[in-house]
Amino acid sequence: QVQLVESGGGLVQTGGSLRLSCAASGRTFSSYAVGWFRQAPGKERDIVAAISWSGGTTYSANSVEGRFTISKDNAKNTVYLQMNSLKTEDTAVYYCAATQWGIVTPSPDKYNYWGQGTQVTVST
């Protein structure tokens, strides 16, 4: 079992920044891949970014390329999502998820464990 705890969400103005954290408990990420997803009202849950625990291969959605950066801290067993130049379109509930598959994938159904989500609201 892996328990994921997200933090760092909140309210920010357009152009601002937030850093989301996803910390694992129960077991380490080990050979997992970890992804950030987001879901806005009336929208599907879509990939934002993902990272493989071993190797550090990353993936970013086109909509956040150049603005968001995913990273990991092996010692802290934590994955981060640095969000810069935030837009109102980024407003959503952000979820951290982990997959035992171990490779980055944009498909939500490949992820075994999910955090509770954290709200990110970007205002004008």
Side-chain angles (χ1 to χ4, degrees):
Q1 294 288 331
V2 174
Q3 291 79 47
L4 306 176
V5 179
E6 300 123 321
S7 61
L11 175 65
V12 66
Q13 292 185 335
T14 56
S17 299
L18 286 173
R19 189 177 76 159
L20 306 184
S21 299
C22 174
S25 62
R27 62 177 295 177
T28 64
F29 284 127
S30 185
S31 60
Y32 285 45
V34 180
W36 286 98
F37 296 79
R38 66 185 182 186
Q39 186 168 25
K43 303 292 186 179
E44 295 184 1
R45 186 173 298 185
D46 291 324
I47 187 73
V48 177
I51 187 168
S52 61
W53 200 248
S54 61
T57 302
T58 60
Y59 167 89
S60 296
N62 290 337
S63 59
V64 305
E65 188 71 33
R67 299 188 298 118
F68 292 8
T69 303
I70 190 169
S71 62
K72 61 185 177 71
D73 187 323
N74 294 45
K76 294 184 173 66
N77 209 37
T78 299
V79 173
Y80 304 97
L81 184 68
Q82 179 66 46
M83 305 186 294
N84 299 325
S85 302
L86 283 161
K87 308 173 181 178
T88 56
E89 307 96 277
D90 298 317
T91 296
V93 177
Y94 284 70
Y95 298 90
C96 176
T99 173
Q100 295 173 301
W101 196 5
I103 61 173
V104 294
T105 175
S107 180
D109 61 8
K110 298 298 184 183
Y111 289 79
N112 308 97
Y113 304 100
W114 292 82
Q116 80 287 351
T118 184
Q119 177 71 47
V120 172
T121 302
V122 185
S123 64
T124 57

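Keep in mind that the numbers below use all heavy atoms, side chains included, and drop hydrogens, waters and symmetry copies.
- Taking 4.5 Å as the limit, some side-chain heavy atom of Ile70 sits within range of a side-chain heavy atom of Val79.
- Shortest non-hydrogen contact noted between Gln116 and Val5 is OE1-CA, 4.2 Å.
- A pairwise comparison of heavy atoms in Ala92 and Ala40 identifies CB-N, 3.8 Å as the closest pair.
- Within the 4.5 Å cutoff, the side chain of Ile51 has no heavy atoms near those of the Tyr80 side chain.
- Nearest heavy atom pair, residue Ala97 against residue Leu4, reads CA-CD1, 3.7 Å.
- Shortest non-hydrogen contact noted between Ser17 and Ser85 is OG-N, 4.4 Å.
- For the atom pair Cys22 SG and Lys72 NZ, the distance stands at 13.5 Å (nearest 0.5 Å).
- When side chains are defined from C-beta on, Arg38 does not count as touching Leu81, because their heavy atoms never get closer than 4.5 Å.
- The aromatic ring centres of Phe37 and Tyr111 sit less than 6.0 Å apart.
- At a threshold of 4.5 Å between non-hydrogen side-chain atoms, the residues Thr57 and Ile103 do not count as touching.
- Side-chain contact check for Cys96 versus Val34: some heavy-atom pair is nearer than 4.5 Å.
- The closest side-chain heavy-atom distance from Val120 to Met83 is below 4.5 Å.
- For the atom pair Ser25 OG and Asn77 CG, the distance stands at 9.0 Å (nearest 0.5 Å).
- Smallest separation of non-hydrogen atoms from Arg67 and Leu86: NH1-CA, 3.9 Å.
- Aromatic ring pairs are classed by plane angle as parallel below 30°, tilted from 30° to 60° and perpendicular above 60°; the pair Trp114 and Tyr95 is perpendicular.
- No side-chain heavy atom of Trp36 sits less than 4.5 Å from a side-chain heavy atom of Phe68.
- Side-chain contact between Gln119 and Thr91: present, with at least one pair of heavy atoms (C-beta onward) separated by less than 4.5 Å.
- Contact between Ser21 and Thr78 at its shortest, heavy atoms only, is CB-CG2, 4.2 Å.
- For Glu6 (side chain) and Gly117 (main-chain N/O), a donor-acceptor pair under 3.5 Å exists by modelled atom type.
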